[in-house]
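Notes to accompany the following structure.
Below, chains carry the letters A, B, ... as their sequence lines are ordered, and counting in each starts from 1.
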Protein chains: 2
Amino acid sequence: MGKASVTIKEIARELNVSKSTVSRALRDSSEISEETKQRVLELARQLNYSPNPIALSLLKNRTHTIGIIVPDIANAFFSSAIAGVEDVAYSRGYHVMIYQSHESYERELIDARHIATRRADGLVVSLASSSERYDHFRELQEQDIPVVFFDRVTDAITTHKVLVDDYKGAFEATEHLIQRGCQRIAHIAGPPKLSISRNRFNGYKDAMDKYGIAMRDEWVVSSEYNQAGGTERAYQLMALRERPDAIFAASDRIALGVHWALRQLGYRMPADVALIGFSDLAISSLLDPPLSSVAQPSFEIGQQAAELLLELIESRNTPVSFETRVLKTKLMIRKSSMKEIS
Amino acid sequence: MGKASVTIKEIARELNVSKSTVSRALRDSSEISEETKQRVLELARQLNYSPNPIALSLLKNRTHTIGIIVPDIANAFFSSAIAGVEDVAYSRGYHVMIYQSHESYERELIDARHIATRRADGLVVSLASSSERYDHFRELQEQDIPVVFFDRVTDAITTHKVLVDDYKGAFEATEHLIQRGCQRIAHIAGPPKLSISRNRFNGYKDAMDKYGIAMRDEWVVSSEYNQAGGTERAYQLMALRERPDAIFAASDRIALGVHWALRQLGYRMPADVALIGFSDLAISSLLDPPLSSVAQPSFEIGQQAAELLLELIESRNTPVSFETRVLKTKLMIRKSSMKEIS
DNA sequence: ATTTTTTACGAAAACGATTGAATGGCTCGG
DNA sequence: CCGAGCCATTCAATCGTTTTCGTAAAAAAT
């Protein structure tokens, strides 16, 4: 009927010593005789004692838990990043508590507050697409709960950040399309509130500029980072009088929607329309034609974010200089963008 | 510099009453005068007081946290199930702590022990493919930490379980292939330690029997539930002197590998080989040809598992009769299995 | 032999909250 | 005028652990 877990008190009673002695013996304190230590250790092992982390938390005000807020767990990019966070957290004795913002600012705010009341030791977060206020993160920082951003970051909060060079990745993707002879290159951008959306757009724009290719307003549209948005925008773009001959989608999820739409509409990729996405989800290479994409090391991003966070947590009160780690993207060229050069 | 969070004690001091009075006032106890209540409530609001859940946990021996162990977060089936768990846990004031077994028994054991020492209120788990001992779950139950299984369950532990009718799903998938005129139907099963693997195999076998179709030993192979395994097995199957004209893969991840391999090898689906998977991942419908599959309501599975778990948690000590919820699968017929009937 | 130091341990406070029991003051009935 | 009863509040214990401050006895130094 539920054997209550053994406490230090029981060991003490059993051995006719005080709780303090037991505690010290377990921590191998020098002021306990070798003999007593042995007796305590032996009994503790025998009773399968393990210290109650909740009591410790109360005492030390440290929970050994870190929170992570992502827009959507089921998104492969995020679940992979979570796996990265979990990887280093686990190896350092921390546990990961998951929260989803569902792309909603309100939910993100509630999640952040929850993390504060729950006394997590820190937070790793990737912003919701609708967030434009960031005070909830500042509140956490003021309560000595460090925050580290990854991927979807903001300049409004000074802290560690981990992301990829979105600008450069987008630039290279666009440049690649241009080099394959595409002239009418459309861009489906992400929600403009997110810096990754803006940076990717800028990469696109500057590549177009560099090669002196005209950008048309109607060829630049915006969508949430999901498949439905991609499909919708693809229909919209292909309905234009002047159709694009290439589409650079700000994410693979958008690109998946475009891919589907183009097939529905009977376009051939890349002959009619070249397509390239961003993130290189595992599925992208399985599509037919396989989708070109700008690869992001999602697992590694999670790992590094967790490392930086743990660093902040474990060096509390010692001021550090915050860094922004910019990881490399890698252009994965596949059939969807390999237009024959005429 | 980190404003320490307000405690009941401070409110008490400020108001010149005792901690008990404050506590009772906050809980709206009848033995506190209306006036005092108002004063306490007002100050609490003003100081933005929120009770320390750790102190509560220590006192009540309840953490309002549930653990979840899955083989791999980044697997879409599991991340979706996690989202389901998170959905109901969140709405009932519980938090979700994530653990990965990485398909390893040892890691699963460690995770389970961690959950015990961390004093989670309960556990939702889907077994690692290498697990064949289950004492770690029994240990949890003996410590009054209820466990609920989903998808990958075991008969060895009596508790609530949530899964789909794997047998029937497999039977229908196989039947469908037969009805499309396939005669040489291979099956790539999952790891035999998992009951889902065995049930799916049995569904396949019984369908073959029902229609009097000969099963060949060399057409039944086994693989881990991942893409690489599928690819490998596909090569193996297609190299046989007597090639199969259809493959029923025990999971979509396996089927993805098969899909890729068949394309590499130049087979047409479904003309040369019909293919069907299990789980209906979001990507499956995006492949070319789109992959037929047996859909599992992963999100709902997670939800129901969480509901059952919370029921167990909140009715501790009142004995319940355990149930196994069997959800329905749905056969998603797409091009990969739609062989022309000759 | 006396003082000082070391050794080995215990008592109690602290962390933040809840709660059963006790207490002080008050009113009221007899 | 005294005891009963009630109200509002406080006291103290509890949860499991660490840690500061004592302290008795033993060992060492004088």
Side-chain angles (χ1 to χ4, degrees), chain A residues 2-41 43-44 47-65 116-121 143-144 316, chain B residues 2-41 43-44 47-65 116-121 143-144 316:
Chain A
K3 48 177 174 193
S5 44
V6 282
T7 73
I8 238 175
K9 202 196 248 175
E10 292 175 57
I11 300 185
R13 190 163 34 73
E14 195 90 6
L15 256 37
N16 264 322
V17 295
S18 73
K19 297 186 300 176
S20 343
T21 303
V22 176
S23 171
R24 279 190 267 254
L26 291 170
R27 323 202 75 234
D28 200 28
S29 156
S30 63
E31 40 184 333
I32 299 296
S33 74
E34 211 44 54
E35 193 213 326
T36 317
K37 264 187 207 168
Q38 287 312 319
R39 293 202 304 146
V40 170
L41 255 40
L43 185 59
L47 294 181
N48 196 11
Y49 168 82
S50 88
N52 184 326
I54 299 174
L56 266 313
S57 291
L58 184 58
L59 196 61
K60 299 285 175 67
N61 207 28
R62 293 285 239 75
T63 57
H64 277 260
T65 296
T117 55
R118 276 248 143 189
R119 264 71 171 183
D121 291 342
Q143 291 174 56
D144 259 348
R316 274 215 271 224
Chain B
K3 48 179 175 194
S5 45
V6 284
T7 73
I8 238 176
K9 202 196 250 175
E10 290 175 58
I11 300 185
R13 188 163 36 71
E14 195 91 6
L15 256 38
N16 264 322
V17 295
S18 73
K19 296 186 302 176
S20 345
T21 304
V22 175
S23 171
R24 280 192 253 262
L26 290 171
R27 324 203 74 235
D28 201 29
S29 157
S30 62
E31 42 184 332
I32 298 295
S33 71
E34 208 46 54
E35 194 212 327
T36 317
K37 264 188 208 167
Q38 286 313 318
R39 293 202 304 145
V40 170
L41 255 40
L43 185 60
L47 294 181
N48 196 13
Y49 168 82
S50 87
N52 184 327
I54 299 174
L56 267 316
S57 291
L58 185 59
L59 194 62
K60 300 284 175 68
N61 207 25
R62 294 285 241 75
T63 57
H64 276 258
T65 296
T117 56
R118 276 250 144 189
R119 266 63 171 188
D121 291 343
Q143 290 174 57
D144 260 346
R316 273 217 270 225

N/O (side chain, [X]) to phosphate O (OP1/OP2, [N]) under 4.0 Å:
X: A:S33; N: C:dA8; value: no
X: B:R27; N: C:dT19; value: yes
X: A:T21; N: C:dC9; value: no
X: A:R24; N: C:dA8; value: no
X: B:S20; N: D:dA12; value: no
X: B:K9; N: C:dC15; value: yes

Mind calculating the distance between [atom1] ([X]) and [atom2] ([N]) to the nearest angstrom?
X: B:R13; N: D:dT10; atom1: CZ; atom2: C1'; value: 17 Å
X: A:E35; N: C:dC9; atom1: CD; atom2: C1'; value: 13 Å
X: A:E34; N: C:dT7; atom1: CD; atom2: C1'; value: 13 Å
X: A:N52; N: D:dG16; atom1: CG; atom2: C1'; value: 6 Å
X: B:I8; N: D:dT14; atom1: CD1; atom2: P; value: 19 Å
X: B:L15; N: D:dT9; atom1: CG; atom2: C1'; value: 13 Å
X: A:Y49; N: D:dG16; atom1: OH; atom2: P; value: 10 Å
X: B:L58; N: C:dA14; atom1: CG; atom2: P; value: 17 Å

(request) Map A:L26 and B:E31 onto DNA chain D by nearest heavy atom, then report which one ends up closer to the 5' terminus. (result)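 Final value for this comparison: B:E31.
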
(message) Nearest heavy atom decides the nucleotide; on that basis, is B:R119 or B:K37 closer to the 5' end of DNA chain D?
(response)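 Closer to the 5' end of DNA chain D: B:K37.
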
(request) Take A:V22 and B:T7, find for each the nucleotide of DNA chain C with the closest heavy atom, and name the residue whose nucleotide sits nearer the 5' end. (result)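 By nearest-heavy-atom nucleotide position, the 5'-most residue is A:V22.
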
(message) Name the residue from A:V22, A:T21, A:V17 that meets the side chain to side chain contact (heavy atoms under 4.5 Å, CB included) definition with A:I11.
(response) A:V22

(request) Classify the nucleic acid contact of A:T36 as base, sugar-phosphate or nothing, counting any heavy atom under 4.0 Å across all strands shown. (result)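 Counting heavy atoms under 4.0 Å across all strands, the contact made by A:T36 is with sugar-phosphate only.
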
(request) Assign B:L59 to base, sugar-phosphate, or nothing according to its heavy-atom contacts below 4.0 angstrom with the strands shown. (result) base

(message) Has A:R119 got a side-chain atom pairing as donor or acceptor with A:T117's backbone, closer than 3.5 angstrom?
(response)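 Indeed, once roles are kept as given, a pair shorter than 3.5 Å links the two residues.
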
(request) Rounded to the nearest 0.5 Å, what's the gap from CG on A:N52 to CG on A:L58? Could you check? (result) 10.0 Å

(request) Mind checking the CD-CG spacing from B:E10 to B:L43? Nearest 0.5 Å is all I need. (result) 9.5 Å

(request) Ignoring hydrogens and angles, answer whether the base of D:dT17 and the side-chain atoms of A:K60 contain a donor-acceptor pair closer than 3.5 Å. (result)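 No, no donor-acceptor pair under 3.5 Å.
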
(request) Check whether the side chains of A:T65 and A:R118 place a donor and an acceptor atom closer than 3.5 Å, and report yes or no. (result)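 Short answer, no.
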
